[in-house]
Amino acid sequence: MGGIRAGQWSARLSANQRLIVQPEDGDEAAVLIVGIIDYH
């Protein structure tokens, strides 16, 4: 992702929702859930 979401990844939860995560302290095996975005 780019812009304000640089270094984060998104995954589709449903047609309108995305789960946003980022690595925890540089460890790609552990992630921090940043938020769930609703794109209605």
Side-chain angles (χ1 to χ4, degrees):
M1 301 185 81
I4 63 170
R5 298 271 183 230
Q8 299 175 346
W9 298 286
S10 72
R12 180 181 286 194
L13 294 177
S14 70
N16 296 323
Q17 293 181 328
R18 301 289 188 274
L19 176 68
I20 309 295
V21 298
Q22 69 184 32
E24 182 71 8
D25 295 327
D27 182 2
E28 293 182 13
V31 296
L32 170 69
I33 297 174
V34 175
I36 298 175
I37 307 298
D38 189 0
Y39 288 100
H40 265 79

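Just the heavy atoms: all of them, side chains too, but no hydrogens, waters or symmetry mates, feed the values below. Along the sequence shown, the residues carry numbers beginning at 1.
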- [ ] Could you grab the distance from atom CG of L13 to atom CG of D38, nearest 0.5 Å is fine?
- [x] 10.0 Å
Task: Nearest heavy-atom neighbours spanning L19 and I36 - done: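 Smallest heavy-atom distance, with atoms named: CD1-CG1, 3.9 Å.
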Open item on the list: Between L32 and I20, is there shared hydrophobic-cluster membership here, with clusters defined by ILVMFWY side-chain heavy atoms closer than 4.5 Å?
Closed with: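 No, L32 and I20 fall in different hydrophobic clusters.
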Open item on the list: Applying side-chain hydrogen bond (donor to acceptor under 3.5 Å, both in side chains), can you list everything that pairs with Q17, at least two apart in sequence or on another chain?
Closed with: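 Listed in chain order: nothing, the list is empty.
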